[in-house]
Amino acid sequence: QVQLVESGGGLVQAGVSLRLSCAASGRTLSRIAMGWFRQAPGKEREFVAAINWSIGRTYYADSVKGRFTISGDNAKNTVYLQMNSLKPEDTAVYYCAARSGSSYYSGMYYSKSAYDYWGQGTQVTVSS
């Protein structure tokens with residue numbers, strides 16, 4: 001089993017930065033995909049960013065490209081989401097997710113169904 005624990009959320013004003021962390025524990029994860037999703041009230045959970053540690057590639061939703069950066073620390077088994085220039089529309093619960101398998105298919109990074117493990121979420125609220 002794998003446990004993912006997010007931290008770093010909070011209430012901030014528009015324009016500032018936050019860094020979310022996701023610490024993974026338990027059995028060894030595939031390095032192929034770890035990601036961040038978010039869910040605002042009344043909306044579907046949506047893709048934010050993902051990283052493939054094995055090839056060092058990152059993937060972003062258009063809405064956060066240029067403002068958010070996903071990175072990983074192999075030694076700490078931790079993934080980060082650096083969020084800059086936050087906007088009120090970034091307000092949501094942010095979830096960390098991890099894929100257990102090492103297989104790949106087109107578009108998988110952006111799909112909730114590709115991820116097998118999820119954290120409990122951390123609230124990010126951005127005031128205008």
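Predicted model, so just to flag it, every value in this text is computed and none were measured.
Contacts of Ser54 classified as side-chain contact (heavy atoms from CB on, under 4.5 Å), with partners at least two apart in sequence or in another chain: Arg31, Asn52. With sequence neighbours excluded, no residue satisfies ring-ring contact (aromatic ring centres under 6.0 Å, His included) with Tyr60. By the salt bridge (Lys or Arg N to Asp or Glu O under 4.0 Å) test, Arg45 pairs with no residue at all, sequence neighbours left out. Applying the side-chain hydrogen bond (donor to acceptor under 3.5 Å, both in side chains) test to Ser111 and every residue at least two apart in sequence or in another chain returns Ser113. By the salt bridge (Lys or Arg N to Asp or Glu O under 4.0 Å) test, Lys65 is found to be paired with Asp62, residues two or more places apart in sequence or in another chain being considered. The salt bridge (Lys or Arg N to Asp or Glu O under 4.0 Å) search around Glu46 returns Arg38, not counting sequence neighbours.
For residues 71-96, there are no ring-ring contact (aromatic ring centres under 6.0 Å, His included) pairs, not counting sequence neighbours. Every pair passing side chain to side chain donor-acceptor pair (under 3.5 Å) that includes a residue from residues 13-25 is listed here, sequence neighbours excluded: Gln3-Ser25, Ser17-Asn84. Within the structure, disulfide (SG to SG under 2.5 Å) contacts touching residues 35-97 (residues at least two apart or in different chains) are Cys22-Cys96.
Side chains of Arg67 and Ser63: a donor-acceptor N/O pair is absent below 3.5 angstrom, by distance only.
Smallest separation of non-hydrogen atoms from Ile70 and Met34: CD1-O, 3.9 Å. The two residues Leu81 and Ala49 have their closest heavy-atom pair at CD1-CB, 4.1 Å. Counting all heavy atoms, side chain and backbone alike, Met108 lies closest to Ala114 at O-CB, 3.2 Å.
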Does the side chain to side chain contact (heavy atoms under 4.5 Å, CB included) test come out yes or no for Phe47 and Trp36, once each step is laid out? CA-CA 7 Å; Phe47 170 77; Trp36 289 94; over 6 Å; no

Between Tyr109 and Ile51, does the side chain to side chain contact (heavy atoms under 4.5 Å, CB included) criterion hold? Intermediate values first, please. CA-CA 8 Å; Tyr109 299 104; Ile51 184 168; over 6 Å; no

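Ser103 places no side-chain N or O within 3.5 Å of a backbone atom of Gly101 that could act as its donor or acceptor partner.
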Enumerate donor-acceptor pairs with a distance under 3.5 Å from any side-chain N or O in residues 121-128 to protein atoms, sequence neighbours excluded.
| residue | atom | partner | partner atom | Å |
| --- | --- | --- | --- | --- |
| Thr122 | OG1 | Gly9 | N | 3.2 |
| Gln123 | NE2 | Ala92 | O | 3.4 |
| Gln123 | NE2 | Thr125 | OG1 | 3.2 |
| Ser127 | OG | Val12 | O | 3.3 |

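Tracing side-chain contacts under 4.5 Å through hydrophobic residues (I, L, V, M, F, W, Y), one reaches Val48 starting from Val16; they form part of the same cluster.
Residues Tyr117 and Gln1 form a side-chain contact, since some pair of their non-hydrogen atoms from C-beta on lies under 4.5 Å apart. Between Trp118 and Phe37, the closest side-chain pair of non-hydrogen atoms falls below 4.5 Å. Side-chain contact between Asp90 and Phe68 is present, with at least one heavy-atom pair separated by less than 4.5 Å.
For the atom pair Leu11 CG and Thr91 OG1, the distance stands at 8.5 Å (nearest 0.5 Å). For the atom pair Met83 CE and Leu20 CG, the distance stands at 3.5 Å (nearest 0.5 Å).
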